[in-house]
Each structure stands twice: as structure tokens, then as C-alpha cells.
A.B. asks: 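Below is a structure I'd like to ask you about.
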Amino acid sequence: MSLLSKNYHIITYGCQMNEHDSENIAGMLEALDYSHTPNPEEADVVVMNTCSVREHADKRFFGMLGQFKKQKKNNPDFIICVCGCMPQQPHIVEEIRKSFSWVDIVFGTQTIAEFPNLLMERIRTGKKQFSIIANNEEIPEEKESKREFKHKALVNITYGCNNFCTYCIVPYTRGREKSRSLRAVKQEIINLVKDGVKEVMLLGQNVNSFRDADGNNFAALIRSLDEVEGLERIRFMTSHPKDLSDELIACFGDCKKLCHNIHLPVQSGSDEVLRRMNRHYNRQRYMEIVEKLRATCPDLSISTDIIVGFPGETEEDFLDTLSLVREVEYDSAFTFIYSPRVGTPAAKYDDQIPEKIKHDRFDRLVEDVNRCSAKKNSEYLGRIVTVLVDGPSKNDTGAWSGRTDTFKLVNFTSEEPLTEGQMVSVRITETKTFSLDGEKVDA
Ligand code: 5AD
Ligand code: SF4
């Protein structure tokens, strides 16, 4: 059967790991001569790459899946695939089998490489295909992916997670932690740079515990990547505070390409909540890390993740979180309302917090976090910063947008046309809560 002139569309939920998996899946489809279409209704194959981290993502997914029933009815050759974290949970697969009979292909995070075979089998036999295993021991080989940007790339360095924070589903959906080899990561990045990439984002659930079979740790990886000629910026996420080493902190002082930005999820400012979350650090230890990082790299920007309404969280615990936000002065924070996830220990705790209290705490937290972000951004007024151009600004035609080394989003004007991937100097003329405005100046 000819696959020529067939279209695909991918819908991605969740984190950057999923985004990168979607880039890989797009690469597989293009290798089979499928072309991307931005319109799911024109697609012959739709892939829904799902997230399980919070209940909200589940609901959105099932809502969206329902919409494809009609498309399937109108076109029996239309193929709908579900992948990512949700199918790693047996009760979800059961629900798909029972209530979403129009789904053709289901695969999980551990069997992405199987996708082309599953698709071919589905087309050849007309039969539904399911491929889910709990934990694949093998380290996936990175194949040609279809990247969203030409000038920046997501690069996996570790897969899976061994930490079992009591609220989190990820260790159950992404399997055990595995590190790629320093050699493989570096070679991939050398190839990306040849292809025009200036910035890489190293990805892992906990990049700090990277350790390859030759014994190289995360700091060794950063130092080695800092030598790659033509590469301009190195970023990474996510960083678990319990494994953040002094060696890595030293990299912020020594490695020229390492961006002055860190995402360091704290989750809570209360020692008791941190203990019950199984985070393996307390507030004092976290603050020591922040102080060391700032002593080494004074203009470091710091972002975080915070959960409110974890089971048993008292008003006093919550006030500890608010005071921590003020003490650290985060540049930004992703704030989440605790969402019980089936199969995690915290979902069974009997001291769940009423929705109204969770929402009230969430609103108070967001107010404080935004105040902090606005204050941090205001320090940029009048400064000249280097921006890696991402392209035309999303909200202002004629303006451009890009990121500083410290990950600040900058929207700016330029008298001459620019191209994505250019490094330009921008004077900051106005600061907002979530972005900076400016004008391009000559370097
Ligand atoms: N409820 C709310 N937030 C959660 N996160 C992970 N699991 C949950 C949950 N069950 C948040 C954490 C994590 C981020 C990616 O998502 O803050 O760092
Ligand atoms: Fe989830 Fe904790 Fe692993 Fe992060 S470190 S993915 S929060 S279990």
C-alpha cells in the first residue's frame, strides 16, 4: 500500500520529555513519507501523546479523544493512536479498550520505537495494536527527530525516575532511571550543531543523577559539552535538589556555555510536608544550595515547582511555603494544586485537603509568586541583554522574541529583519510579570 501524500497530526500534552518524544514520533512518520498537517481533521493519522501528572491532563485527553469518534465514523481509514504516560497505567488502558473502541493503536513510553511497526501492522491487518510494557531495560537509541526549532534542540540524557516522590506518577509511567552515555549525548549534540543548533536543553526527570556506564556524572557531562565548538548555550531540566552536587555548582562558575538559569523544584517550604513527599531534603538544605548557587553565579535566575494542598498540609505548612518563596525570590514558579494519582502513596493518605482550601492557598501562592517575578524582572530595566532570537513575537506583529541566557522571554523591536537563531543585543525598556520588552541595539 502506498503511503504517499498521507498526513499526520500530533497532539502533545505535558512536559518537555513528551514534547521531545513527539519530535521523535514525527521523525518516524516522516520517514514513512507522511507529511505534517496543522489541522487534525485533515490527518490520516492522529497521535495523542498523553500526560498523567495531574487529573486535569487526564480529563482534557478523554474530552479530546471523544471528538475523534466522529472523524473515525466519517473515514474508517483514519487512524487514531494514543501514547505517552497514560497508557502506562493499566486502568487507563482498560478504559480505552472499554469506552473508546475507535482507538487503533496504543503504545507507552517504553515502546516508542515500536510505533512504525504498529502502524504498518494496523494498516496491513486492520487490527488494533497495543504495545505496553512496564519497564524497558534498554536505553532507547535516539533516531532522527523532526525538531520544532532549527536553532535549539531538546536532548534526552536520562530516562525514567527512581525517586518515588509520594505524589508522583512518573516513576510508574516512565520506568526506572537510565542514563545515556556521555559519548552518545556529545555526538548527538555535535551533529545538531552541524545542523545549525546553538542551544541545547538536556532533559531528564532528574538530570543530577546522570551517571553513565563509564562513571561520568552530570558535572562531567556539562564540562565535556562546554567544549563543543559552535554550541552557544547549554540548559538542563529537571534538577532534584537532593542530588545537586558542589561539582555541578562549580560548573556555573567555570563553564562559559552553561546558561545562568536553573529550574529547581522545591514543592513545599515545610519540612514536614517535604518529609511526607519523600523529597530527601529539608528547607535548610534547599536554602544552602540556593545560597551556594548564587555565590557562584550572582545573576542566576531560579525557577521552581510548588504543590499546594498536599495531604495533611496545614495552614502553618502553607505559610512556610509562602515565606520560602519570599526568601528565595524566584524568577518564576509553576504552581500546582495537589491532584491524587491512582497508585501513588499520597493518594491513599486519609488527610486529603478540601478543594476549597486547596484553591484558596493556590490563589494566595500565585499572587506572591507573581509579585516575585515582577520584582525580579524589574531589575532588568535599562540593561542590555543578549537574546537568542526565536522568531517573530507571538503577540505583537512586527516585533521579535527570544530568550536571555537567564531564560527571560524578551519581546523587542528591530529596525532590520532578523532570523531565528541570531544572537542580538537588546536594551530593556519595559518589564512585566512574565516578560521583558526592549529594542535591538548594535552590539
Ligand atoms: N499533583 C500536583 N502536582 C504534581 N506534580 C507532580 N505530581 C503532581 C500531583 N500529583 C508537579 C510537581 C512536579 C511537576 C512536574 O508537577 O510539582 O515537579
Ligand atoms: Fe516525580 Fe519526584 Fe521523579 Fe520528579 S523526582 S519525576 S517529582 S518522582
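The figures that follow rest on heavy atoms only: side chains count, while hydrogens, waters and symmetry mates do not. Atoms within each ligand, like the ligands themselves, are counted from 1 in listed order. Treat the numbers as computed from the prediction; the structure is a model and nothing was measured.
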A.B. asks: Return the closest protein heavy atom for atom 7 (S) of ligand 2 as residue, atom name and distance.
C.D. replies: Tyr167 OH, 3.3 Å

A.B. asks: Identify the residue among Val410, Thr386, Leu409, Val387 that makes a side-chain contact (heavy atoms from CB on, under 4.5 Å) with Arg403.
C.D. replies: Leu409

A.B. asks: Under 4.0 Å, heavy-atom basis, I'd like to know which part of Pro265 is in contact with ligand 2: side chain, backbone, both or neither.
C.D. replies: neither

A.B. asks: Would you say Arg279 touches ligand 2, if touching means a heavy atom closer than 4.0 Å?
C.D. replies: yes

A.B. asks: By number and element, which atoms of ligand 2 are closer than 4.0 Å to a non-hydrogen atom of Pro171?
C.D. replies: 8 (S)

A.B. asks: Quick test: of every protein heavy atom, which one is nearest to atom 3 (Fe) of ligand 2, and how far off is it to 0.1 Å?
C.D. replies: Cys161 SG, 2.2 Å

A.B. asks: Note the single closest protein heavy atom to atom 18 (O) of ligand 1, along with its residue, its atom name and the distance in Å.
C.D. replies: Asp305 OD2, 2.6 Å

A.B. asks: Please say whether the positively charged group of Arg285, taken as NZ for Lys or CZ for Arg, lies over the ring of Tyr281, i.e. under 6.0 angstrom from the six-membered ring centre and within 45 degrees of the axis.
C.D. replies: no

A.B. asks: State the atoms of ligand 1, each with its element, that fall below the 4.0 Å cut-off from a heavy-atom position in Arg54.
C.D. replies: 1 (N), 2 (C), 3 (N), 4 (C), 5 (N), 11 (C), 16 (O)

A.B. asks: So which protein heavy atom does atom 5 (S) of ligand 2 come closest to, and at what separation?
C.D. replies: Asn163 ND2, 3.5 Å

A.B. asks: Under 4.0 Å, heavy-atom basis, I'd like to know which part of His240 is in contact with ligand 2: side chain, backbone, both or neither.
C.D. replies: side chain

A.B. asks: Verify the distance criterion only: is there a donor paired with an acceptor across the side chains of Ser303 and Asp331 at less than 3.5 Å?
C.D. replies: no

A.B. asks: Please write down residue, atom name and distance for the protein heavy atom closest to atom 3 (N) of ligand 1.
C.D. replies: Phe336 CB, 3.5 Å

A.B. asks: Out of Ile222, Leu154, Asn156, which one pairs with Leu202 under the side-chain contact (heavy atoms from CB on, under 4.5 Å) rule?
C.D. replies: Ile222

A.B. asks: In the protein, what heavy atom is nearest to atom 1 (Fe) of ligand 2, and what distance, to one decimal place, separates them?
C.D. replies: Cys168 SG, 2.3 Å

A.B. asks: Please list the nearest protein heavy atom to atom 12 (C) of ligand 1 with its residue and the distance rounded to 0.1 Å.
C.D. replies: Gln267 OE1, 3.5 Å

A.B. asks: Looking only at protein heavy atoms, identify the closest one to atom 7 (N) of ligand 1 and say how far it is in Å.
C.D. replies: Tyr167 CD1, 3.3 Å

A.B. asks: Considering the heavy atoms of Arg341, write down every atom of ligand 1 situated less than 4.0 Å from one of them.
C.D. replies: 10 (N)

A.B. asks: I'd like to know whether the aromatic ring centres of Phe107 and Phe115 sit less than 6.0 Å apart in this structure.
C.D. replies: yes

A.B. asks: Can you confirm whether the side chains of Gln89 and Ser52 place a donor and an acceptor under 3.5 Å from each other?
C.D. replies: yes

A.B. asks: Of the choices Ile337, Ile307, Thr166, which has the non-hydrogen atom that lies closest to atom 4 (C) of ligand 1?
C.D. replies: Ile307

A.B. asks: Take the angle between the ring planes of Phe334 and Phe336 and call it parallel below 30°, perpendicular above 60°, tilted in between.
C.D. replies: parallel

A.B. asks: To the nearest 0.1 Å, how far is atom 10 (N) of ligand 1 from its closest protein heavy atom, and which atom is that?
C.D. replies: Ser339 O, 2.8 Å

A.B. asks: Mark up the atoms of ligand 1 that fall under 4.0 Å of a heavy atom belonging to Tyr338, in ascending order.
C.D. replies: 1 (N), 2 (C)

A.B. asks: Among all the protein's non-hydrogen atoms, which is closest to atom 4 (Fe) of ligand 2, and how far away is it?
C.D. replies: Gln205 O, 4.4 Å

A.B. asks: Checking Phe68 against Phe100 for the ring-ring contact (aromatic ring centres under 6.0 Å, His included) test, could you report, in this order, the C-alpha distance in whole Å, the side-chain angles of both residues, the deciding distance, and whether it holds?
C.D. replies: CA-CA 10 Å; Phe68 286 113; Phe100 299 88; over 10 Å; no

A.B. asks: Measure the OG-CG distance between Ser270 and Asp320 for me, rounded to the nearest 0.5 Å.
C.D. replies: 5.5 Å

A.B. asks: Do Ser301 and Asn261 pair up side chain to side chain, a donor and an acceptor below 3.5 Å, judged on atom types alone?
C.D. replies: yes

A.B. asks: Would you verify whether the NZ or CZ of Arg176 falls within 45 degrees of the ring axis of Tyr159 while also being under 6.0 Å from that six-membered ring's centre?
C.D. replies: no

A.B. asks: Tell me if the aromatic rings of Tyr8 and His36 count as close, with their centers under 6.0 Å from one another.
C.D. replies: yes

A.B. asks: Could you tell me whether any N, O or S atom belonging to Cys165 is less than 2.8 Å from atom 1 (Fe) of ligand 2?
C.D. replies: no

A.B. asks: Is Phe164 touching ligand 2 with its side chain, its backbone, both, or neither, if touching means heavy atoms under 4.0 Å apart?
C.D. replies: backbone

